[in-house]
Amino acid sequence: QKEVEQNSGPLSVPEGAIASLNCTYSDRGSQSFFWYRQYSGKSPELIMFIYSNGDKEDGRFTAQLNKASQYVSLLIRDSQPSDSATYLCAVLGSARQLTFGSGTQLTVLP
Amino acid sequence: DTEVTQTPKHLVMGMTNKKSLKCEQHMGHRAMYWYKQKAKKPPELMFVYSYEKLSINESVPSRFSPECPNSSLLNLHLHALQPEDSALYLCASSQRLAGGPDTQYFGPGTRLTVL
């Protein structure tokens, strides 16, 4: 079992729709959870982090964390073509090392 | 300011060359990281420096040699690389406070090609 798993994608949504990206993790001692966006050929860019159960909103982005289910998600509302990228879920585990999921490639269709 | 800088942006080297990658941050972060990323894969951790001491070396071949001259600078010395070492090399930094999210911020990366 991979330590951090993401829905494999690729995921395509029409412009203006909600994109939903999901991630599960195996280390119950994990403390913090991050979503990075990576455009092709570029480096990962932090979108959000979350460390408490529940929702955290920042503009069009909402991160959701459920530690009991070991599940974290990212919702992108009013998706734009500029949101087309690979989204990496990353988990700070009990050893305080960041473990990445394999990424979900999102395409927003105009 | 959440900027991490890396030089060079691109590097092409032969298998017998010696080169170095450089990373710098001025955020007062006390941890710095080297990652390697191959196409369509997530970043793989190579090294972690915490308070200027090497704390993690993820079984990286000795042809990669990290160096942390001070809390703001991180180098990766390259020698006798193989073509399969061609990748995007990413530097990151974080505050490394006890507790807290310890958010890592990435530099733009160095695209390395080994011929």
Side-chain angles (χ1 to χ4, degrees), chain A residues 2-11 21 23-25 27 29-54 56 58 63 65 67 72 85-107, chain B residues 1-7 9-10 21 23 25 27 29-51 54-59 86-113:
Chain A
K2 290 184 184 176
E3 294 181 43
V4 178
E5 294 207 44
Q6 295 185 239
N7 44 340
S8 56
L11 177 65
L21 305 165
C23 177
T24 58
Y25 59 94
D27 181 356
S30 297
Q31 303 163 15
S32 305
F33 307 85
F34 305 86
W35 284 100
Y36 288 88
R37 176 175 63 197
Q38 188 171 25
Y39 293 112
S40 181
K42 303 294 186 182
S43 66
E45 172 194 9
L46 180 71
I47 297 175
M48 293 187 73
F49 69 85
I50 186 168
Y51 51 85
S52 298
N53 275 329
K56 179 181 179 182
D58 184 0
L65 175 61
K67 289 187 179 180
V72 59
T86 296
Y87 289 79
L88 294 164
C89 172
V91 175
L92 191 69
S94 48
R96 294 191 70 76
Q97 274 187 252
L98 202 61
T99 301
F100 287 89
S102 55
T104 299
Q105 186 177 343
L106 172 66
T107 301
Chain B
D1 183 10
T2 55
E3 187 174 347
V4 178
T5 59
Q6 290 187 244
T7 55
K9 290 184 180 178
H10 301 277
L21 309 184
C23 175
Q25 57 88 14
M27 296 178 279
H29 288 175
R30 302 312 302 267
M32 296 185 77
Y33 310 79
W34 281 116
Y35 288 87
K36 173 183 177 180
Q37 187 177 26
K38 301 282 272 186
K40 299 193 183 300
K41 297 288 187 183
E44 294 175 41
L45 183 64
M46 300 175 73
F47 302 104
V48 180
Y49 273 85
S50 182
Y51 293 84
L54 182 64
S55 63
I56 294 174
N57 173 344
E58 291 286 351
S59 302
S86 299
L88 181 66
Y89 287 83
L90 296 162
C91 174
S93 70
S94 71
Q95 285 188 306
R96 205 65 164 182
L97 298 174
D102 203 24
T103 305
Q104 291 188 25
Y105 296 94
F106 285 84
T110 293
R111 175 71 61 186
L112 174 66
T113 302

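Treat the numbers as computed from the prediction; the structure is a model and nothing was measured. Order of the sequence lines sets the chain letters (A, B, ...), proteins ahead of strands, with each chain counted from 1.
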request  = Enter the distance from B:Gln104:CD to A:Leu46:CG here, rounded to the nearest 0.5 Å.
outcome  = 10.5 Å

query = Looking at side-chain heavy atoms only, is the closest gap between A:Leu98 and B:Ser94 below 4.5 Å?
reply = no

inquiry  = Would you say NZ of B:Lys41 has more than 12 non-hydrogen atoms from neighbouring residues, nucleotides or ligands within 6.0 angstrom?
reply    = no

Separation between CD1 of B:Ile56 and CD of A:Gln97, rounded to the nearest 0.5 Å = 3.5 Å

query = Tell me, side chain or backbone of B:Glu44 under 4.5 Å from chain A's heavy atoms, or both, or neither?
reply = neither

message = At a 4.5 Å cut-off on heavy atoms, which part of B:Tyr35 comes close to chain A: side chain, backbone, both, or neither?
response = side chain

ask   = Quick one: CZ on A:Phe49 to CG on B:Asp102, what's the gap to the nearest 0.5 Å?
value = 10.5 Å

key: Rounded distance [0.5 Å steps], OG in A:Ser43 versus CZ in B:Arg111   = 10.5 Å

request  = Determine the minimum heavy-atom distance between A:Gly101 and B:Pro42, stating which atoms define it.
outcome  = O-CB, 3.2 Å

task = Side chain from CB out, backbone as N, CA, C, O: work out which of these in A:Tyr36 comes under 4.5 Å of a heavy atom of chain B, or both, or neither.
result = side chain

